[in-house]
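Everything below concerns the one structure shown next.
Chain letters run A, B, ... following the sequence lines, proteins first, then strands; residues in each count from 1. Basis for what follows: all heavy atoms, side chains included, without hydrogens, waters or symmetry-related copies.
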Protein chains: 2
Amino acid sequence: MKQISSRFSVAVHILSLIAVSPKECTGDFIADSVNTNPVIIRKIMGMLKKAGLVEVRPGVGGASLLKDPDQITLLDVYRAVDVIEDGQLFNFHDEPNQDCPVGRNIESALRSELRDAQSAMEQRLAQVTLDQLTVQFH
Amino acid sequence: MKQISSRFSVAVHILSLIAVSPKECTGDFIADSVNTNPVIIRKIMGMLKKAGLVEVRPGVGGASLLKDPDQITLLDVYRAVDVIEDGQLFNFHDEPNQDCPVGRNIESALRSELRDAQSAMEQRLAQVTLDQLTVQFH
DNA sequence: ATTGTAGTAACTACAATGGTTACAACGGAG
DNA sequence: CTCCGTTGTAACCATTGTAGTTACTACAAT
């Protein structure tokens with residue numbers, strides 16, 4: 001059983017921290033809150049930066065959001081840390097035997113169902129914004 | 001990026017084969033259609049057997065379904081090959097810092113959203129039955 | 001008894017993950 | 001201009017899940 005990488009939950013954690021305490025958000029400060037290594041944070045911050053979600057200040061340190069927290073969805077974060085590429089949540093055994101009626105037809109039939117299932121999950125993520133999470137942090 | 005194991009798609013392939021050509025379904029025949037090693041098939045068949053989906057005849061060989069194809073959903077198969085355990089599609093970074101307001105609260109807030117997203121995907125799988133797939137195999 | 005099959009154990013190769021150390025590049029503050 | 005804390009990377013490493021393979025035992029019908 002292999003799960004979706006914790007990069008995703010860490011990325012949400014990072015963005016939440018920046019939203020809540022924008023002043024003190026150096027890599028080390030964030031790493032302390034997430035409870036991991038600062039390099040992990042920097043790598044994920046790099047992905048968030050590349051996705052246009054945050055701005056990082058090299059040298060002096062610190063980061064800020066490039067979008068309002070109510071404009072950042074969990075799906076945006078999920079895509080930013082490319083925990084899953086495009087439509088590929090489900091792995092499919094490759095090259096089933098084309099001489100067999102099942103082998104020949106199962107791929108397209110099953111893939112389309114799996115795509116729909118993945119899409120249902122992602123659309124659920126799209127409905128949650130960062131500020132819907134952060135308002136819960138008292 | 002790590003995908004859900006192809007055990008799942010192979011399991012669906014196996015069950016489809018049994019539904020379509022129940023006579024000739026030895027491990028080697030199935031392995032040829034799936035295009036993999038017979039041992040892989042036997043392992044997955046063992047999981048399907050344990051889940052009460054199929055019956056396997058040791059010695060003589062062959063297998064048959066224990067439920068009607070319209071009573072077997074993709075979710076049943078997904079659970080049978082325990083590609084994901086219970087509510088754990090998403091991995092969560094463990095032990096965020098409890099001294100930080102974000103670290104203290106993010107886990108429960110985010111986990112509940114992720115559980116809902118996973119559930120949306122699984123409920124989509126529950127809507128597809130084996131015979132809805134096999135009717136597409138001409 | 002022979003034969004073909006299922007059931008397993010043990011092993012390999014590979015890839016993704018999470019983490020670590022080390023170091024260069026950067027930008028203010030003194 | 002120099003120092004210092006920070007960001008940005010590269011290079012590793014250990015662990016884990018996956019997929020496959022070989023080899024062997026157990027089984028059931030002929």
Worksheet entry | 5′-ward residue of the pair B/G62/A/S6 relative to DNA chain C | B/G62
Worksheet entry | Residue pairs involving residues 92-123 of chain A (criterion ring-ring contact (aromatic ring centres under 6.0 Å, His included); sequence neighbours excluded) | A/H93-B/H13
Item to complete: Check each residue of residues 18-36 of chain B for a non-hydrogen atom within less than 4.0 Å of any atom in DNA chain C, then write out the ones that pass by number, or none.
Response: B/T26, B/G27
Worksheet entry | Interatomic distance, B/E55 CD vs C/dG7 P [rounded to whole Å] | 11 Å
Worksheet item: Tell me, for nucleotides 22-30 of chain C in 5' to 3' order, what letter each nucleotide earns: B for a base near a protein heavy atom under 4.0 Å, S for only sugar-phosphate near one, - for neither?
Response: B---BS---
Discussion item. I want to confirm an ordering. Mapping B/N37 and A/M45 to their closest nucleotides on DNA chain D, which one lands closer to the 5' end?
Written reply: A/M45
Worksheet item: Transitively linked via ILVMFWY side-chain contacts under 4.5 Å: A/V39 with A/I44?
Response: no
Worksheet item: Using Watson-Crick and G-U wobble pairs whose two distances are both under 3.5 Å, how do you write the pairing of DNA chain D as dot-bracket, with | for links to another strand?
Response: ||||||||||||||||||||||||||||||
Fill in: Which residues share a side-chain contact (heavy atoms from CB on, under 4.5 Å) with A/A63, sequence neighbours left out
A/I18, A/M45, A/V56
Item to complete: Starting at atom NZ of A/K43, determine the distance to atom P of C/dT20, rounded to an integer number of angstrom.
Response: 11 Å
Discussion item. Filter on side-chain hydrogen bond (donor to acceptor under 3.5 Å, both in side chains), then keep only pairs touching residues 44-55 of chain A, sequence neighbours left out; what's left?
Written reply: A/E55-A/S64
Item to complete: Give the minimum heavy-atom separation between B/D94 and A/N35, together with the two atoms involved.
Response: O-ND2, 4.2 Å
Worksheet item: Do other residues, nucleotides or ligands put more than 12 heavy atoms under 6.0 Å from the CD atom of A/Q98?
Response: yes
Worksheet item: What residues form a ring pair (Phe, Tyr, Trp, His ring centres under 6.0 Å) with A/F8, not counting sequence neighbours?
Response: A/Y78, B/F90
Worksheet item: Can you pull the contact range of chain A along DNA chain D, 5' to 3', using atoms under 4.0 angstrom from its heavy atoms?
Response: D/dG5 to D/dA19
Item to complete: Please list, chain by chain and in numerical order, all residues satisfying side chain to side chain donor-acceptor pair (under 3.5 Å) with A/T129, sequence neighbours excluded.
Response: A/D131, A/Q132
Practice prompt. Return each pair, listed once, that meets ring-ring contact (aromatic ring centres under 6.0 Å, His included) where at least one residue sits in residues 108-133 of chain A; pairs must be two or more places apart or across chains.
Written response: none
Practice prompt. Using the test side-chain contact (heavy atoms from CB on, under 4.5 Å), find all partners of B/Q88 that sit at least two apart in sequence or belong to another chain.
Written response: A/Q3, B/E85, B/D86, B/R111
Item to complete: Grab the NZ-C1' distance between A/K2 and C/dA15 for me, whole Å please.
Response: 9 Å
Discussion item. Looking at every non-hydrogen atom in both residues, tell me the closest pair between B/L65 and B/L130 and how far apart they are.
Written reply: CD1-CD2, 4.1 Å
Fill in: Contacts of type side-chain contact (heavy atoms from CB on, under 4.5 Å), residue B/V60, not counting sequence neighbours
B/R57
Discussion item. Looking at every non-hydrogen atom in both residues, tell me the closest pair between B/V54 and B/L66 and how far apart they are.
Written reply: O-CD1, 3.4 Å
Worksheet entry | Interatomic distance, B/N91 CG vs C/dA16 C1' [rounded to whole Å] | 12 Å
Practice prompt. Let me know the distance between CZ of A/R7 and P of C/dG18, rounded to the nearest Å.
Written response: 7 Å
Worksheet item: A/I4 CD1 to C/dG18 P: how many Å, rounded?
Response: 12 Å
